[in-house]
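Please read the structure below before turning to the comments.
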Amino acid sequence: MTATSLERATVPADTGEVTLLIARRVDPGHEAAFERWAKGILDTAATFPGHLGYGFFRSSGGDAPWFLVHRFRDAGACRTWQESPERAAWFADCAGHHHTEVARRELTGMETWFAEPGSVRPAPPRWKMAISATLAVYPISVLGGLFLLPHLATLPLLLSSAVTACVFNVLMTYVAMPAVSRVLRGCPMCWAVGLVETVSAGRLRRSCTEGSCTLQRT
């Protein structure tokens, strides 16, 4: 499959923020040329309206790929960049750099909460994201109502709402969603095994092979 067909197959239909993750494998001895090319195309993309930032991650060694990450305001901004003559010019100028795209993934909305670093696997189905989000929001809402909201009662509504939203968002992104998505990855049986793994506080570790999950002592 060519890079063009990959792009057409993965441009999302919604208008939420888009994170584009690209993995490219570089032939040994051509890393410096690829790095110059990658930084050039990333800098060019950053000049486009709706581009929110980018990341560049070197290979961990061996056959491990290099990663380029773009963030766009919405699907339209992402599509504008991908169909631009400036981007096409960079790809026309990459002959001899000996690098190949091996995977591409676009994340929108809550899918970014479920993305594992360095992974280009598809996002989980929406029903699982809905269950995960509910399980993550519930304890935060209960604890927030007990310990946070009473201290904000004297503040103006807009200010107290802003504080609540910031605290809940940070807890969801960095605490609740990573924990819940780790517990609920895989099938329902994997969920139960994952819950035991989490409750064990590191004493047990889950191992999943060909749809079968087991727990091992660490």
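Judged as a ring pair (Phe, Tyr, Trp, His ring centres under 6.0 Å), and not counting sequence neighbours, the contacts of F48 are W81. Listed by chain and residue number, F67, V69 satisfy the side-chain contact (heavy atoms from CB on, under 4.5 Å) test with F57 (two or more places apart in sequence, or in another chain).
Note that CG of L171 and SG of C166 are 11.0 Å apart. Values are rounded to the nearest 0.5 Å. Rounded to the nearest 0.5 angstrom, R87 CZ and I41 CD1 are separated by 5.5 Å. With values rounded to the nearest 0.5 angstrom, R104 atom CZ is found 4.0 Å from I22 atom CD1. Interatomic distance, T164 OG1 to L155 CG, rounded to the nearest 0.5 Å: 9.0 Å.
Between S59 and A64, the shortest heavy-atom distance links the atoms OG-O, 2.7 Å. The two residues Y54 and A46 have their closest heavy-atom pair at CE2-CB, 3.9 Å. In this structure, G145 and P150 approach most closely via the heavy-atom pair O-CD, 3.4 Å. Minimum interatomic distance between R71 and T19 (heavy atoms only, all atoms of both residues): CG-OG1, 3.8 Å.
A distance-only check finds no donor-acceptor pair linking the side chain of T100 to the backbone of R25 [under 3.5 Å]. Side-chain atoms of S161 never come within 3.5 Å of backbone atoms of L158 as a donor-acceptor pair (strictly under, hydrogens ignored).
Placement of Y138 and L146 within a single hydrophobic cluster is found when ILVMFWY residues are connected by side-chain heavy-atom separations under 4.5 Å, directly or transitively. Both V26 and F91 belong to a common hydrophobic cluster when Ile, Leu, Val, Met, Phe, Trp and Tyr are linked at side-chain heavy-atom distances under 4.5 angstrom. No chain of hydrophobic side-chain contacts below 4.5 Å, direct or via other Ile, Leu, Val, Met, Phe, Trp or Tyr residues, connects M172 to L143. Both L148 and V175 sit in one connected hydrophobic cluster of ILVMFWY residues. Membership requires side-chain heavy atoms under 4.5 Å apart, directly or through other members. Residues L152 and L159 share a single hydrophobic cluster, defined by chaining ILVMFWY side chains whose heavy atoms lie under 4.5 Å apart.
W37 and H99 have tilted rings, their planes meeting at an angle from 30° to 60° on a 0 to 90° scale. Relative ring orientation between W66 and F56 is described as tilted, the plane-to-plane angle lying within the 30° to 60° band. Under the 30°/60° scheme for interplanar angles, the aromatic rings of H51 and H70 are found to stand perpendicular.
Between E31 and R58, no side-chain nitrogen of the basic residue sits less than 4.0 Å from a carboxylate oxygen of the acidic one, so the salt-bridge criterion is not met.
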### Query
Taking it one step at a time, do Q82 and L20 satisfy side-chain contact (heavy atoms from CB on, under 4.5 Å)?
CA-CA 11 Å; Q82 293 190 98; L20 174 62; 4.2 Å; yes
